[in-house]
Amino acid sequence: MDYLAQIDKKKTPVHVAIIMDGNGRWAKKQGHERLYGHNFGVESVREVLKASTDLGIKYLTLYAFSTENWNRPKEEVDGLMDLLVRSIANEIDELMSSDVRLLTIGDTEGLPASCQAELKSAMAKTENNKTINLVLALNYSSRWEITNALKQISRKVSSGEIKEADVNDQLISDHLTTKGIPDPELIIRTSGEHRLSNFLLWQAAYSEFYFCEVLWPDFKREDLFKAVLDYQSRERRFGMVSEQLT
Ligand code: FPP
């Protein structure tokens, strides 16, 4: 089926966020170590980024490493950090020629120095690119992010910089690491798991969710188109009733 032909380009989501899950199971199924799956996962990242650009999506956020992922075996954590550094170095020319801006969310100061340096350099190089923003969630978790925002806000209230009455939705959003990034209209999770795993909990207030059985290394262009098509079939009411939406 040609999913792309059925997509209404005028109604594509501005921001799609993806929980890339299933790399380990994919590798195991082929008799390999988990890192083999992560390596192939990078191919899916490349393909989905290109497909997102073709659809006119402006923000693609990928959950690449959570604050809880540090608890994995050291060999896997080191391998993932190394893969991240190598992937960014390998892809920087492509990011430039495709006009992709690289951003991160999460506590990136907690990443190894080599990772921070590679990210800093790639973000600086791509900062004026405009076609699409590739947002990598690294050492990210919503509870960390919300706690961090609450600390910043309470400090400002205590010092008198802001008043308690100034605290509202927008002010909280502006203290999250996603500041300036619109909330995702669509959140995709691969591999058959149906949970958010501490990802964009605040930002997902009105997101549509799409869960599919496909393991991340098998998630390709057509799978993204299928998810967007499914999203376009939904009625987003934002707490209102159908009749109010005309
Ligand atoms: C989840 O699968 C995947 C991750 C924790 C890492 C995702 C990383 C990549 C796809 C590669 C690096 C990305 C970039 C942006 C260069 P899992 O290991 O939890 O799989 P499982 O549930 O089958 O064990």
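Atoms within each ligand, like the ligands themselves, are counted from 1 in listed order. Atom set for the values below is all heavy atoms of this structure, side chains included, hydrogens, waters and symmetry mates excluded.
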Show the atom names and distances, to 0.1 Å, of all donor-acceptor pairs under 3.5 Å that link a side chain in residues 105-124 to residues at least two apart or in another chain.
residue, atom, partner, partner atom, Å
Gln116, NE2, Glu109, O, 3.0
Gln116, NE2, Leu111, O, 2.8

Considering only distance and modelled atom types, tabulate donor-acceptor pairs under 3.5 Å from the side chains of residues 222-230, sequence neighbours left out.
residue, atom, partner, partner atom, Å
Asp223, OD2, Lys220, N, 2.8
Asp230, OD1, Arg234, NE, 3.0
Asp230, OD1, Arg234, NH2, 2.6

From CG (Leu138) to CE (Met81), nearest 0.5 Å: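 Going from CG on Leu138 over to CE on Met81, the span is 7.0 Å.
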
Find all protein N or O atoms under 3.5 angstrom from an N or O atom of ligand 1 and list the pairs with distances, or write 'none'.
residue, atom, partner, partner atom, Å
ligand 1, 2 (O), Gly22, N, 3.4
ligand 1, 2 (O), Asn23, N, 3.4
ligand 1, 18 (O), Arg34, NH2, 2.7
ligand 1, 18 (O), Arg72, NH1, 2.8
ligand 1, 19 (O), Asp21, OD1, 3.3
ligand 1, 19 (O), Arg72, NH2, 2.8
ligand 1, 20 (O), Gly22, N, 3.3
ligand 1, 20 (O), Asn23, N, 3.2
ligand 1, 20 (O), Gly24, N, 3.0
ligand 1, 22 (O), Asp21, OD1, 3.0
ligand 1, 22 (O), Arg25, NE, 3.4
ligand 1, 22 (O), Arg25, NH2, 2.9
ligand 1, 23 (O), Gly24, N, 3.3
ligand 1, 23 (O), Arg25, N, 2.7
ligand 1, 23 (O), Arg25, NE, 2.8
ligand 1, 24 (O), Arg34, NH1, 3.0
ligand 1, 24 (O), Arg34, NH2, 3.0

Ring centroid separation Trp70 to Phe65 under 6.0 Å: yes

Backbone N/O of Lys163 and side chain of Asp166: donor-acceptor pair under 3.5 Å: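 Indeed, once roles are kept as given, a pair shorter than 3.5 Å links the two residues.
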
Salt bridge (Lys or Arg N to Asp or Glu O under 4.0 Å) partners of Arg221, counting only residues at least two apart: Asp54

